[in-house]
Every structure is written in C-alpha cells, then in structure tokens.
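Throughout, a chain's letter reflects where its sequence line sits, starting with A, and its residues are numbered from 1. Since the model is a prediction, treat every value here as computed from it, not as a measurement.
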There are 2 protein chains.
Amino acid sequence: MSKQMLTGSFQLMKSLNRSAILNIIREQGPISRADIAKLTKLTPPTVSNLVKELLDTGIIIETYQGESSGGRKPTMLDINSERFYVIGLDIGSYQIKAVLANLNGFIVKKASFSIPTPINNDRLLSLMIQAVHHMKEGIDDTESRMIGIGVGMHGIIDVDNGESLFAPNLNLYNIPIQKTLEKEFDILIKVENDVRAMALGERWFGNGHGTDSLVCINIGRGIGAGIIMDGKLFHGHNFISGEIGHMTIDIDGPKCSCGNYGCLQTLASGPAIARKAKTEIGLGHPSILTQLVGGDLGNITGETVYEAAAQGDPLSVSILSQAGRYIGIGLTNIIHLINPKRIIIGGGVSNAGSLILESIQDTIYQRALTASAKQTEIMLSKLGEDATALGAVTLILEELFATTSNA
Amino acid sequence: MSKQMLTGSFQLMKSLNRSAILNIIREQGPISRADIAKLTKLTPPTVSNLVKELLDTGIIIETYQGESSGGRKPTMLDINSERFYVIGLDIGSYQIKAVLANLNGFIVKKASFSIPTPINNDRLLSLMIQAVHHMKEGIDDTESRMIGIGVGMHGIIDVDNGESLFAPNLNLYNIPIQKTLEKEFDILIKVENDVRAMALGERWFGNGHGTDSLVCINIGRGIGAGIIMDGKLFHGHNFISGEIGHMTIDIDGPKCSCGNYGCLQTLASGPAIARKAKTEIGLGHPSILTQLVGGDLGNITGETVYEAAAQGDPLSVSILSQAGRYIGIGLTNIIHLINPKRIIIGGGVSNAGSLILESIQDTIYQRALTASAKQTEIMLSKLGEDATALGAVTLILEELFATTSNA
DNA sequence: GTCGTTTAGTTTATAATTTAAATTAAAAAA
DNA sequence: TTTTTTAATTTAAATTATAAACTAAACGAC
C-alpha cells in the first residue's frame, strides 16, 4: 500500500553521504577532499573516511596534487572512468546494437547483430547473450571491471522485473530479459524502453546535460517520448507513458493504423513523410526524388526525402516543413501539458536536421501560449544513432551513482 | 547546479523515522507501537522514543486499549485530528472561498468573500487577510491550534516563493501572497495553482485516495490539469504544466481566443457548451432551453444546458455528449503521454455528472491504444465545489506530514 | 485461582556514525 | 627562518539506532 517506508538508519546515513560525495566528484571532479567537505557541508573527517572507502572500491582515484592557494596542496580526486566498463544493448526492430563503454560514456567497442525473422523469445535472448559475450571478448580482467548490462528495447517494458511485456515490431510478448541475463552473467542488469533510455543517455552525455526537466522525442517508424521530470525518469502507471505517436491532432485527418484519425504518427513519422512524397509525385509534382530512387517510387523513404531536401528539392523541403509543423503542434501540446525545460528530437527524422527543426521551432513559437512556453528549448539529439545504446549504459550508471552498494 | 545534495545526519535519520511513524499512524491508525515497529522495521525502543516526542507535540494521542491477542493489551495511537486547524483559501475569478478544516479534512467553518472590480494586488491581499481573520474568529486557543494557511489560486504560481506570477481572470501580476500572509500571521503559508491544489485535495480526501498516479481535470471557463505522478505533484519547469485548455485537437476547428484553431477549450469548456447550444437553437433546433432561460438565449450557460439535459432535452444531451467526446479525445492524448492510473474530472462541467462522463469513458475506451490505457479510471470529483479550498488545506498537511519540523 | 505463555512496551548497554576539536602535514608569504 | 594558510588526519564527544534484557499486563490451561 504505502510504497516504501523510508526509515533512517546508520547504513542509510552513510550511504547517502557516500553517494553525495561520489556524485560531487563525478560532476565537479577533479576535486579535493576539502572542497567536497565545503560543498556537501559534511565535516572533513567524514569526507576522508568515505573517500577512503571509495578509493578501496576503485571507483575513484587520487589523480594529481592541485595548486596551492596559500597552504598545503590539495590531492585531487576523480572518477576512475577508464577502469570500469558497462555494456549497453539497443534491441531494435531489425538488429541488436551492442556497445561497450567506460564510465565517461566513451564507446570503446561497438557491434551489430541482425535479428532473423521469424524470431521467438528464446532465440532473441540467445542473440542478446551472444552479443554480450562478444563485447566481453578481448577485455582484460573482464569479471572485475564489468559493472553491468543495460538494455534499451522498443515496446512496453516492465522495468521492475526487467521484462519486455510487448515488443510490437517483433511481435513478442513477456520476454524475461533481466532474469535470463542475470542467470547467464551474474551481474547488474537493467532493462528500459528505448526512448526512455535515449532520454537518460541525452541527459548524461548528450544535449540534455544539466537539465532536470527534459522530454526526448524519437521520430522514426513511430513516434515516442521519454520524459524526465524533476530529475526522474517517468514511466506511467503501466509503463506506457510517452505514446505520443497516436496523439490526435487533426480529428478529421487521415486514418491511422490504430483505427483513429489524424494521429501525429500518420502526419509526421518517417513513413508518413515518404508516403506524402509518393502521393505528391504521383499527382504530378516534379521532384529530384524520382531520380534519387532510380525511378522506382517504392524506394522512397524518409531518408531519401531528407537527402532530396538537402539538395534543395522544393517538394521535399515543403513536405519536411509541413511535417515539422505537425510535430510542432504535437510538441506544443506536450509543452502545455508538462512544461519541460527542453525537448530533444532524435531518431531517423533528426537526420533532416535544421530543415525540419526550424519549422518545428517556428510552429511552437507561434502557437505556445506564454512567453515561457515559447522559450522551451528545442534541440536535435547529440548522440544520434548511439542514443539508445548509450542510454542503456546510463541505466547502469544511474544505479551505480545513485546508491553505491554499501560494502 | 546540482539541486540539493541530500546528506545524511543524525537529524535526518531521526526526522525520517519520525515522519515514517507519523504517516503510518495517519494511514493505518489507530495502531499500536508494536505494530508500528513491525511495519517500519524499526526497533521497539526507537518507536517508543519517537512516539513520545510526537505525543509531546500533541499531533498524536493515545486513544484506547486495543483487543489483546493473547498478551498485554496494545495502546492505540491516532492522529489528534480535532486538535489542530488549517485554513484554506480558494481565490477564484469572482470570489474568495475560505474554509477552516481539521486534520481529517473536515470543514468546520466556511465563508465566501466576493472580489470587487476593479481589483489590484494590495486590495486582493487585504481581502485575503480579512478572510483569514474571519476564519480565526471564535476559535479557542487559535494561536496554538492553527498550523498554517494554504492558498489555491488560478493562474501561474511560483510555488517556491508563494507568489502569483499572473492571474489572467483578475488581470493581476506578481502578487506576493506568501510574503504578505507570513508577515501578517507568522505561520506556515503555502500557495499553489488551483487545479494542482484540487488534485492534492482529491488525493487526500476525495476520489484520488490511494493513488500515486493521478490527473485531475478542472473544466469550467477554461480547462486545466493537475498532475500527480509517482506520488509527487508536478509543476513543470516554469510552473505552467497542465495547460490543456489549448491542446490542439482539431487543427481545422473553430478559432480560439489564443489565436490557434481547434483548442480543447473552444470545443468542450462551459462557455463552449453554452455557445454551441445558442447556435443550434438559433439555427432552429427546438429545445426546452428556450423556456428555461425565459426566452433570452443570452442567459444560456453551461449549467442551464446540464439542467436541460437532466430533464431529457435531446439537443442538450447531444451537445453534452459531443463535448464529452472532445474531452475524451483530450484525455486520451493525456493517457498516452503520461499514463496516469486515474483521471478525476472536476469543475463546473462535472455537475453534468454521468451525462457527460459516459461519453468521455466511451471515447477513451474506443480510442485508447492498449488494454491498460483503456482501463484508466475516469471519475468525477468527490469534493466538488470545495475541491480547491480543501486542496489548499492539503498543501499544509503535506508539509506537516512530510517533514515534521524537528523540535 | 495459580502458573506458564504470549504480547506490549520500557530500560540498559552497545554499536555505528557524524561532528567538534585538536593535531599533523605541507606549502606560501613575510 | 618564522608565521600564516590550507589540507588532511587523529582523537574525543555527541547523537541515534539496535540488541538484549526486563517489566507490564493479559489470556488460557489445569
């Protein structure tokens, strides 16, 4: 009933302080014990003791002697980023992308594994296990340096149990990812929806840096949103928050696969953009797209439209601008409902770059109600293709820096 | 930068435990010390010590000897609800409603004060002060029994400073409510947006009970939402979250006062319903509304339409059903974006009761994507007219039960 | 009705930590 | 060289929770 009674104990007290110190080092490092004491308002002995523990675990190191400011030189502490590794898996519709990253989010190794069709739960899980083994290969001392495995996957994820409840693009249900990987690797495993992982990734290593209130939009085949509010990733009551692809924007618009009309996804997703281009060309609109796809209109995709637009094709530019307008309307609805500080746009459409971004920004500026709503920052993803995989890595980092397992 | 470093200390440890105990008593009381120890996993001496402190403050009392279950009878502890009072103010467009409530949310005294026009900041503040004085009159030992004053007000509220940044219906800016009331009454003051206060009120004392994930919709002149997620009230980056009145639903719909087209508010607010009725009657549609307003169509309001519908007037029923459909579409967008467990509908429109609720529920059931989205619970406000004022009271209660000022 | 058993709650002693004060370390400034 | 300043550690004290023992009070069995 009443969630989780948080009671105080010596353990908790110590754990809070240890995390506070660790996070100060991560955010402000290299930094001296004395400065940590000032920032945390803990006393020097407390800081020294906890720093000693953190040094013992290897998570931080003493780096160099800092400049004196009139007295003894401070010993600078920093995260021992290169020492540890995290594996991130991005389970998409067609492939698994695996990355091996250090604590800085620096990708040391990367590989992709295509998902065969048809696929079932066991085969997908085997493929994931195989991907992890491949990442671990050739790494020294892998058992002691590997902290965890994060998984970002499309569809509905029960994050409490690390289970994919439904993966529409693979048509799979109830995949026990966390349980299976834990059994195989006996290490920290976290599973999260892909867009939400993206949002975390952008917050830690991308354009979401330094923001507590962030929405990350993924526009590709579908449209989804990952929401970080007051510093916390939001899931919703049934892990289905962020389903903005089927936001009704035009009650009399084109019919969507979901049965309703005028969903954002039928107006502004990658396939929607491609469809629009085909229709217009079919109606006789001239476009260099025809040449780009060698005359076969069936080959037109979102990507080819971006390409044509980048080359100045007026039809493509106009289609992207129109899509940007629809996205802008959808984002304005989001801004009015949850008022984030920043919105980051990722996924395939973000490759269209400023071509679509400007249209989005203009629409929001024009439609938002208040000055502060108009000032919502709209940016493109910094992490691009790697956003979900790095986000998966971040799942583990959040855990690592949040609680610092007490000895 | 890094928000607020939460560091552990003896004080914090104790404070957490004291709150845990206090909240257990509130949620599960009357309850014995022994059971509190079991539920919190604290040891019996710790519980006894903290209970002693809480008894000293007067916030809890020993009530009766419970039934023995084979040994010594337990002494039951409960919140001393009748002992303390909180004042809640609901600052609307036309009047200030004031309530005096005990810790159970039971309203002991109620009064309204109409707001003269024109009004300015100082005059409004004086009126609020007057309302509070009126509430305190005739109460014994008021200084020691009064815990705080909560204020729920329409418009944009900076809750950190307790200031109304903008109150559109009164056309006032930057009203220093908290500062002014603190100076006058030297007591805990909290200020919050009206819909958000409503949401809190419903969560504590209304149909939001027991839910961690709740959206409360206020449909009257405008349409606003108060969002509680993962147990926490959400404000947005600029305190403007929940502005759903201007959610675009029909891109080619009627023009809204905000300049855009097809905003939810132009389709389903009280005035929108009234306008629709007038138009239809003007076009020759027969309706008992004409008699209800004595032939003067200018007198038609949302309320008269509900009344006519309740009497079975086909036009009114149809208009309400249509409005319900629009609201249902808006709510479906909200469900897909933030996936609350429950949505509570309050404000003037909720007086239409099941007439509109069914239409809303049907629309959501029809349009929601997944089974869990379809199962979102849609309910009418339980607190009705008093929702905001009681919500204002709740602002103080949240504070009281969250942190329990340490001695 | 006495005696053992069970449950409630308190007392006493101990342990885990943080905090405060004093001390050592090391460098810059005078 | 001496003094001052800043960094970090050591030592002692304070705060609070926990563990273990104890008292209180009721029930049930014989």
Side-chain angles (χ1 to χ4, degrees), chain A residues 5-21 24-25 28-56 60-78 404 406-407, chain B residues 5-21 24-25 28-56 60-78 404 406-407:
Chain A
M5 196 64 43
L6 180 63
T7 50
S9 65
F10 295 105
Q11 261 190 323
L12 176 74
M13 184 161 67
K14 192 172 178 180
S15 165
L16 282 173
N17 289 337
R18 203 199 288 105
S19 306
I21 291 172
I24 286 268
I25 296 174
Q28 325 237 355
I31 186 173
S32 68
R33 289 168 177 80
D35 282 344
I36 294 174
K38 270 171 215 144
L39 286 169
T40 57
K41 287 174 185 160
L42 295 168
T43 56
T46 301
V47 173
S48 279
N49 285 331
L50 293 173
V51 161
K52 201 174 295 163
E53 282 192 27
L54 290 169
L55 284 167
D56 285 345
I60 63 171
I61 39 170
E62 294 187 331
T63 50
Y64 57 93
Q65 301 294 108
E67 285 299 294
S68 162
S69 57
R72 177 175 168 177
K73 286 183 180 170
T75 305
M76 306 307 271
L77 302 163
D78 209 348
T404 342
N406 27 332
Chain B
M5 195 66 41
L6 181 63
T7 49
S9 65
F10 296 108
Q11 262 191 323
L12 176 74
M13 183 162 67
K14 192 172 179 180
S15 165
L16 283 173
N17 290 338
R18 202 199 288 106
S19 305
I21 290 172
I24 286 268
I25 296 174
Q28 326 236 355
I31 186 172
S32 68
R33 290 170 177 80
D35 282 343
I36 294 174
K38 270 171 214 142
L39 286 169
T40 56
K41 287 176 184 158
L42 294 168
T43 55
T46 300
V47 173
S48 279
N49 284 330
L50 294 173
V51 161
K52 202 173 296 165
E53 281 192 28
L54 290 169
L55 283 168
D56 285 346
I60 64 171
I61 37 169
E62 295 187 331
T63 51
Y64 57 93
Q65 300 295 107
E67 285 299 294
S68 161
S69 58
R72 177 174 168 179
K73 286 182 180 170
T75 305
M76 306 308 272
L77 301 164
D78 209 348
T404 341
N406 27 333

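Using a 4.0 Å cut-off, some side-chain N or O of Lys14(A) falls inside it from OP1 or OP2 of dT17(C). Taking 4.0 angstrom as the limit, Thr75(A) places a side-chain polar atom (N or O) nearer than this to OP1 or OP2 of dA8(D). One finds a side-chain N or O of Lys38(A) lying less than 4.0 angstrom from the OP1 or OP2 phosphate oxygen of dA7(D). Remark: Thr46(B) is in phosphate contact with dT18(D), judged by side-chain N or O atoms under 4.0 Å from OP1 or OP2. OP1 or OP2 of dT10(C) has at least one side-chain nitrogen or oxygen of Arg33(B) nearer than 4.0 Å. Between Ser69(A) and the phosphate of dT6(D), there is no side-chain N or O to OP1/OP2 separation shorter than 4.0 Å.
Look at NZ on Lys73(A): it is 23 Å from P on dT4(D), rounded to the nearest Å. Between the CG atom of Leu12(A) and the P atom of dT18(D) there is a distance of 11 Å, rounded to whole Å. Separating the CD atom of Gln65(B) from the P atom of dA24(D) is a distance of 15 Å, rounded to the nearest angstrom. Atom CD1 in Ile21(B) sits roughly 8 Å away from atom P in dA17(D) (whole-Å rounding). As rounded to whole Å, 8 Å separates atom C1' of dA16(C) from atom CE of Met13(B). Glu67(A) places its CD atom 12 Å from the C1' atom of dA28(C), with the value rounded to the nearest Å. When the P atom of dT18(C) is taken as reference, atom CG of Leu50(A) falls 5 Å away, rounded to whole Å. Between the CZ atom of Arg72(B) and the P atom of dT6(C) there is a distance of 18 Å, rounded to whole Å.
Within 4.0 Å of Asn17(B), counting heavy atoms only, lie sugar-phosphate atoms of the nucleic acid but no base atom. Here Pro44(B) lies in heavy-atom contact (under 4.0 Å) with a base. Counting any heavy atom pair closer than 4.0 Å across all strands shown, Thr43(A) reaches a base atom.
With distances taken from any side-chain atom of Leu42(B) to the nucleotides dG9(C), dT18(D), dA7(D), the minimum falls on dT18(D). Across dC27(D), dT18(C), dT10(D), the shortest atom-to-atom separation from the side chain of Lys52(A) is found for dT10(D). The side chain of Ser48(A) lies closest to dA8(D), out of dA8(D), dG9(C), dT18(D).
Using a 4.5 Å heavy-atom cutoff, the side chains of Ile21(B) and Leu54(B) are in contact. Looking at Arg33(A) and Lys38(A), their side chains never come closer than 4.5 Å, going by heavy atoms from C-beta outward. Between Asp35(B) and Ser32(B), the closest side-chain pair of non-hydrogen atoms falls below 4.5 Å. Taking 4.5 Å as the limit, every side-chain heavy atom of Leu12(A) sits out of range of all side-chain heavy atoms of Leu12(B).
Of the possible donor and acceptor atoms, one in the side chain of Thr40(A) sits under 3.5 Å from a partner among the backbone N and O of Ile36(A).
Mapped onto DNA chain D by nearest heavy atom, Pro45(B) and Asn49(A) fall at different nucleotides, with Asn49(A) at the one closer to the 5' end. With the nearest nucleotide of DNA chain C identified for both Asp35(B) and Phe10(B), Asp35(B) has the one nearer the 5' end.
Comment: Arg18(A) engages Glu53(A) in a salt bridge, judged by a side-chain N to carboxylate O separation of less than 4.0 angstrom.
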